[in-house]
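All ligand and atom numbering here is 1-based and tracks the order in the structure.
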Amino acid sequence: MEYLPIEKTFGKKGTVKVRGWIHRIRKMKDKVFIVLRDSSDVIQCVVKDPNMVKAADELLVESSLEIEGKIYKEGRAPTGYEIEINNLNIIHNSEDFPIGKDQSPEFLLDQRHLWLRSRKMTAIMKIRSTIFGAIHEYFRNKGFYEHQSPTFLSAVGESGSSVFEVNYFGKKTYLAQTWQLHAEAMMFALEKIYTIAPSFRAEKSSTSRHLTEYWHAEMETAWCEFKDLQDHCEELIKHIVNKVLKENKKELEILKRDLKTLEATSKKKFPRMTYSEVLDLLKEKANMKIPWGKDLRTVEEDKLSALFDTPVIVTDYPKKVKAFYMKESPETMGKPEKEKTVQGFDLIGPEGYGELVGASQREENIEVIKANLTKEGEDLKNYQFYLDTRRYGSVPHGGFGMGVERVISWICGLDNIKDAIAFPRTMTRMSP
Ligand code: 4AD
């Protein structure tokens, strides 16, 4: 007889075989109750045979077992079924498991390699897997090629303040914050490309939204217009949410996730507004007076997200707060530098989950890019390959980057981004 995943035993009759780990164990005088878990679910098992009770009495939480026994309905059991064990094969009797009830978040992070076995982390990791699959599916269905960029870089892609420097055989190099600069070069061959890869940010603050190593889903596409980028982004997020709502009902229940914003995101069109409109809205609805030209901070993004039950797309930020590669908005051409805006957008997640996506049309004009880089104090020598992309058949193009753990955090309703990844890396945490 084959071993069945625990969830596949529910509703069966007669004898079944399952294997897994002891989630909980309760020892009585003449019987032992074991809640067994595998990757699929948990099931209550009971040992009644006196010889087996003796062996089961020695067992500790997380011991690994193979079990054969009769299955039947049992209303008092955690998942409604019980197996009366008639064959117990102990694979490994665990040592005393260090994790008990009500432990502090820091302790659980120290024990993350063991805490991954919890129902909560297992549920999150399953949703994470669905999300990665949905991203691949979305882009491949739309005719994008998957492409990989290098991690060691000679030029900084985003902001110099959050870049990790690496000693590369005595030469200074950087860990990739984004695939973008190399993706823009690749785009001239494949036209529509995407990736999911780790990005690195030397974030000096410990917040509930920042990791130093996170997974970045990025796309770059030739011949696109600014609206196309926003459409792709909205469709991608909807596709991810729909997939999770369909495939992870059980996990969302384990996480006690309120589905309100997920369901709204699946059905409603996302509001799209310019940065200037956001300032007006925040003044009117939240009495927040933000001087034009200042970037939106976490508090402002949170206030904005509280006004909607779906993600919000904010476009046309002031040029001075955005990256050198963003294309100037046609509406501000010829205006003084400090009044210019760019065709970039951020997608702000609901419920205060912050910026989930950063995007832009790319500046096509080599002279504007050179001027922007020089203003930021960058050495043009390091950007020769990038500048070449504007020398040989420059075309309108754009792309975006989505922080996958930020999306997971929101979809799972997590308090901290650290739970969206198995082994989080932050300024203060490098292990396990
Ligand atoms: O807005 P960012 O910096 O954009 C870029 O890197 C572009 N080059 C992307 C592109 O156009 N190809 O980062 C994109 C997203 C953010 O919206 C955020 O979701 C996530 O990456 N992100 C982080 N996620 C976790 N921890 C951090 N420290 C993050 N920094 C950015």
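Outside the 6.0 Å centre-distance limit, the rings of His23 and Phe97 are not counted as a close aromatic pair. With ring centers used as reference points, Trp115 lies 6.0 Å or more from Phe107.
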Name every donor-acceptor pair, under 3.5 Å, that has one atom in a side chain of residues 331-338 and the other anywhere in the protein, sequence neighbours excluded.
| unit_1 | atom_1 | unit_2 | atom_2 | d |
| --- | --- | --- | --- | --- |
| Thr332 | OG1 | Ser329 | O | 3.3 |
| Thr332 | OG1 | Thr341 | N | 3.1 |
| Glu337 | OE2 | Lys319 | NZ | 2.9 |
| Glu337 | OE2 | Lys375 | NZ | 3.2 |

Please tabulate, one pair per line, all N/O donor-acceptor pairs under 3.5 Å involving side-chain atoms of residues 376-384, not counting sequence neighbours.
| unit_1 | atom_1 | unit_2 | atom_2 | d |
| --- | --- | --- | --- | --- |
| Glu378 | OE1 | Tyr383 | OH | 3.2 |
| Asp379 | OD1 | Lys381 | N | 3.0 |
| Asp379 | OD2 | Lys381 | NZ | 3.4 |
| Tyr383 | OH | Val156 | O | 2.9 |
| Gln384 | NE2 | Leu380 | O | 3.2 |

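No more than 12 heavy-atom neighbours from other residues, nucleotides or ligands sit within 6.0 angstrom of OH on Tyr145.
By the side-chain contact (heavy atoms from CB on, under 4.5 Å) test, Asp228 pairs with Cys224, Glu225, sequence neighbours left out.
Near ligand 1, residues Glu158, Thr178, Gln180, Arg201, Glu203, Arg209, His210, Leu211, Tyr214, His216, Glu218, Tyr325, Glu355, Leu356, Val357, Gly358, Arg362, Gly399, Phe400, Gly401, Gly403, Arg406, Ile417 come within 4.0 angstrom through at least one heavy atom.
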